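Remember, predicted model here, so these are calculated numbers, not experimental data. Naming convention: chains lettered A, B, ... in sequence-line order (proteins, then strands); numbering from 1 in each chain.
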Number of protein chains: 2
Amino acid sequence: MSDAVDQIVGQWASERPDLVDDLWPVEMLGRIQRVALIITKEVKAFTAEHGLEMGEFDVLTTLRRCGAPYTMTAGALVKASFVTSGAITNRIDRMEAKGLVERVRDGADRRSVRIRLTEQGRQVIDVVMGEHLRNYARLAESLDRAEMDQVAAVLRKLLEAHGDTTLT
Amino acid sequence: MSDAVDQIVGQWASERPDLVDDLWPVEMLGRIQRVALIITKEVKAFTAEHGLEMGEFDVLTTLRRCGAPYTMTAGALVKASFVTSGAITNRIDRMEAKGLVERVRDGADRRSVRIRLTEQGRQVIDVVMGEHLRNYARLAESLDRAEMDQVAAVLRKLLEAHGDTTLT
DNA sequence: GTTGACAATCTCAACGTTGAAATAAAAGCA
DNA sequence: TGCTTTTATTTCAACGTTGAGATTGTCAAC
């Protein structure tokens, strides 16, 4: 069988025969990009069903999995995400308005702001996370576990090489 | 060794032991998302060095690899991309102002617009594509070819399952 | 030929992010 | 104590995308 990347590579091979020996990275990286776009669209649709932006869902999961009292500084959320500080400020604004998180000014260092999951926020993410994992499983159901393990192992190596090793 | 996804999965296992048996899709899909974010940032930085948005680069490659006369309708570009018609219109506007493409109204069906690579556009993409492939190779240099082939084969299967099999 | 359904593209306000500048507080040091 | 540097967050205009609607053109049926 063949997918869209096979066609793309085939077109390039026809149009730029001088590049045929350089097309091999596209076979993996091109597919990673396309899979990511498809998965992202699916996850966006999923979170929208629960009234959440993907970025808001990301903040909820980050706060929840760090454990009680479900609190991180704004700066820590920036480092744990792939977005800038301005984006985090906006997300917190929206989520605070929704009652999902609250800002707590730290007495010790009043520059920093602690973002804390509210009880409502914790209940929301505890429900949504379970469904998210079921949705994730559905998105991967065409593969068997051995195949997924192979991909995971290689991509772990790639992430390590790019320094993606810590959350903070 | 361990990466950020190992830590994320470990946190969830601690905080939600009831979900441990459901976390396995994160091992693959979570890593795909993170690798894609890293690669996207790198490619954005690369195209910016050549004065191009990533979306503009995408249009250039799509037109170039379809072969002479390097022409597609706006609708075909929408289908070949992961964005809406409004985004394509804006991209074409910008690229036309830069002299990279030109709009040619079709005589046969005047609703449709043929987008054609200009000579300048073709020269730009022919240079940039070669460098892009070298950059791609650099981004994947921590892996050997067998590992990449494994990932590519599994992701091809996943893309097929999600219907990502044709360009148009 | 006129009508109505369909198709291709463009328009535009709303949205989330970026990135640099502004604000405010803490820390280092004379 | 004063002064500078550094750190944490917020502000804000510019940017690209979305998504619904408007515009314009085609085609089949009558």
message: Going by side chain to side chain donor-acceptor pair (under 3.5 Å), name the residues that satisfy it together with A:K98, two or more places apart in sequence or in a different chain.
response: A:E56
message: My understanding is that only residues two or more places apart in sequence, or in another chain, count here; which of them pass side-chain contact (heavy atoms from CB on, under 4.5 Å) with B:S142?
response: A:L158, A:A161
- line: Heavy-atom nearest nucleotide on DNA chain C taken for B:R103 and for A:G55; more 5' hit belongs to B:R103
field: Contacting residues from residues 82-94 of chain A, given that a heavy atom lies under 4.0 angstrom of DNA chain D
entry: A:S85, A:G86, A:T89
message: Between B:R16 and A:D126, does any NZ, NE, NH1 or NH2 come within less than 4.0 Å of an OD or OE carboxylate oxygen?
response: yes
Would you be so kind as to tabulate the donor-acceptor pairs closer than 3.5 Å made by side chains of residues 45-54 of chain A, with sequence neighbours excluded?
| from | atom 1 | to | atom 2 | distance (Å) |
| --- | --- | --- | --- | --- |
| A:T47 | OG1 | A:V43 | O | 3.3 |
| A:T47 | OG1 | A:K44 | O | 3.1 |
| A:T47 | OG1 | A:L52 | O | 3.1 |
| A:H50 | NE2 | A:E131 | OE1 | 3.3 |

field: Contacts of type side-chain contact (heavy atoms from CB on, under 4.5 Å), residue B:T61, not counting sequence neighbours
entry: A:W12, B:F57, B:D58, B:R65, B:I125, B:M129
Please list each protein N or O that sits under 3.5 Å from an N or O in nucleotides 24-29 of chain D, with the distance.
| from | atom 1 | to | atom 2 | distance (Å) |
| --- | --- | --- | --- | --- |
| D:dG25 | N2 | B:R111 | NH1 | 3.0 |
| D:dT26 | OP1 | B:R110 | N | 3.1 |

For residues 132-139 of chain B, dump all side-chain donor-acceptor pairs below 3.5 Å to protein atoms at least two apart in sequence or in another chain.
| from | atom 1 | to | atom 2 | distance (Å) |
| --- | --- | --- | --- | --- |
| B:N135 | OD1 | B:R138 | NE | 3.2 |
| B:N135 | OD1 | B:R138 | NH2 | 2.7 |
| B:R138 | NH2 | B:E42 | OE1 | 3.3 |

query: Nucleotide range of DNA chain C contacted by chain B, 5' to 3', under 4.0 Å to a heavy atom?
result: C:dA7 to C:dT11
field: Pairs where residues 63-104 of chain A contributes a residue and the test ring pair (Phe, Tyr, Trp, His ring centres under 6.0 Å) is met, not counting sequence neighbours
entry: none
field: A:S14: partners by side-chain contact (heavy atoms from CB on, under 4.5 Å), with sequence neighbours left out
entry: none
message: Need one value for B:R114: base, sugar-phosphate or nothing, where a base atom within 4.0 Å counts as base even if backbone is also close, heavy atoms only.
response: nothing
Which atom pairs, one a donor and one an acceptor, fall under 3.5 Å between side chains of residues 143-155 of chain A and the rest of the protein, sequence neighbours left out?
| from | atom 1 | to | atom 2 | distance (Å) |
| --- | --- | --- | --- | --- |
| A:D144 | OD1 | A:A146 | N | 3.3 |
| A:D144 | OD1 | A:E147 | N | 3.0 |
| A:E147 | OE1 | A:D144 | N | 3.0 |
| A:E147 | OE1 | B:K157 | NZ | 3.0 |
| A:E147 | OE2 | B:K157 | NZ | 2.9 |

For a quick test of your reading: what N or O donor-acceptor pairs under 3.5 Å do the side chains of residues 19-29 of chain A make, sequence neighbours left out?
| from | atom 1 | to | atom 2 | distance (Å) |
| --- | --- | --- | --- | --- |
| A:W24 | NE1 | A:D21 | O | 3.3 |
| A:E27 | OE1 | A:R31 | NH1 | 2.7 |

- request: Identify, between A:K41 and A:A74, the residue whose nearest nucleotide on DNA chain D lies closer to the 5' end.
  value: A:A74
